[in-house]
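So the structure is just underneath, and the comments pick up after that.
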Amino acid sequence: QVQLVESGGGLVQPGGSLRLSCVVTGSISSIYAMSWYRQAPGKQREFVAVITRSGNTNYADSVKGRFTIARDNAKNTVYLQMNTLKPEDTAVYYCNASPAYWGQGTQVTVSS
């Protein structure tokens with residue numbers, strides 16, 4: 001069984017940075033893809049970024065150039081580096097391991 005635990009969320013001013021972490025129990029080397037999603041109040045959960053086992057990445061248009069996803073198989077951890085944060089990035093961020101394992105989420109609030 002795979003379990004995911006996110007951390008690293010918090011309150012940050014516009015233009016600031018945060019790094020989210022997702023620790024996976026069990027080996028992530030056997031998981032094909034790891035992703036980050038987010039859900040803002042009153043909105044549906046949306047895709048943010050994905051990284052495959054081979055290291056290929058893809059991003060939502062809204063975060064391209066600002067967010068970077070990375071994985072460390074030795075630490076069973078996936079990261080989301082978020083730079084130049086905007087108020088519209090405010091959401092609960094969820095880690096996902098294919099096909100359908102989810103973490104509990106971590107709150108990111110971007111506000112002055």
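Side-chain contact between Q107 and T90: present, with at least one pair of heavy atoms (C-beta onward) separated by less than 4.5 Å.
Nearest heavy-atom pair across A91 and A40 is CB-N, 3.8 Å. Considering all non-hydrogen atoms of both residues, S21 and T77 come closest at CB-CG2, 4.3 Å. Taking each heavy atom of S35 and V50 in turn, the nearest pair found is OG-CG2, 3.2 Å. Shown here for G16 and V12, the closest heavy-atom pair between the two residues is CA-CG2, 3.8 Å. Contact detail for R45 and Y94: the closest heavy-atom pair is NH2-CZ, 3.5 Å. Listed here is the closest heavy atom pair of V48 and V63: O-CG2, 3.6 Å.
Checking side-chain atoms of S98 against main-chain N and O of A33 turns up a donor-acceptor pair under 3.5 Å. The backbone N or O of E6 lies less than 3.5 Å from no partner atom in the side chain of T106, so there is not a single donor-acceptor pair.
Side-chain contact of T109 with S111: a donor-acceptor pair under 3.5 Å is absent, judged by distance alone. Between the side chains of Y93 and R38, at least one donor N or O lies within less than 3.5 Å of an accepting N or O.
The pair D61-K64 counts as a salt bridge, with a side-chain nitrogen and a carboxylate oxygen less than 4.0 angstrom apart.
Put simply, the residue from I69, D72, I51 that forms a side chain to side chain contact (heavy atoms under 4.5 Å, CB included) with Y79 is D72.
Between the CZ atom of F47 and the OH atom of Y59 there is a distance of 9.0 Å, given to the nearest 0.5 Å. Atom-to-atom distance recorded for C22:SG and N96:CG is 9.0 Å, nearest 0.5 angstrom. The CG atom of N83 sits 9.5 Å away from the CG atom of L18 when rounded to the nearest 0.5 Å. To the nearest 0.5 Å, atoms OG1 (T84) and CZ (F67) are separated by 9.0 Å. Between atom CE of residue M82 and atom OG1 of residue T68 there is a gap of 11.0 Å, rounded to the nearest 0.5 Å. Going from atom CG of N73 over to atom CE of M34 covers 9.5 Å, rounded to the nearest 0.5 Å.
If you chain together hydrophobic residues whose side chains sit under 4.5 Å apart, Y101 and W36 fall into the same group. Cluster annotation: L85 is connected to L20 through the hydrophobic network of ILVMFWY side chains, with a link wherever side-chain heavy atoms come within less than 4.5 Å.
The 12-atom threshold is exceeded at CD of E88, counting heavy atoms of other residues, nucleotides or ligands nearer than 6.0 Å.
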- [ ] Any chance you could lay out the side-chain contact (heavy atoms from CB on, under 4.5 Å) test for V2 and V24, step after step, and finish with the verdict?
- [x] CA-CA 7 Å; V2 175; V24 186; 3.5 Å; yes
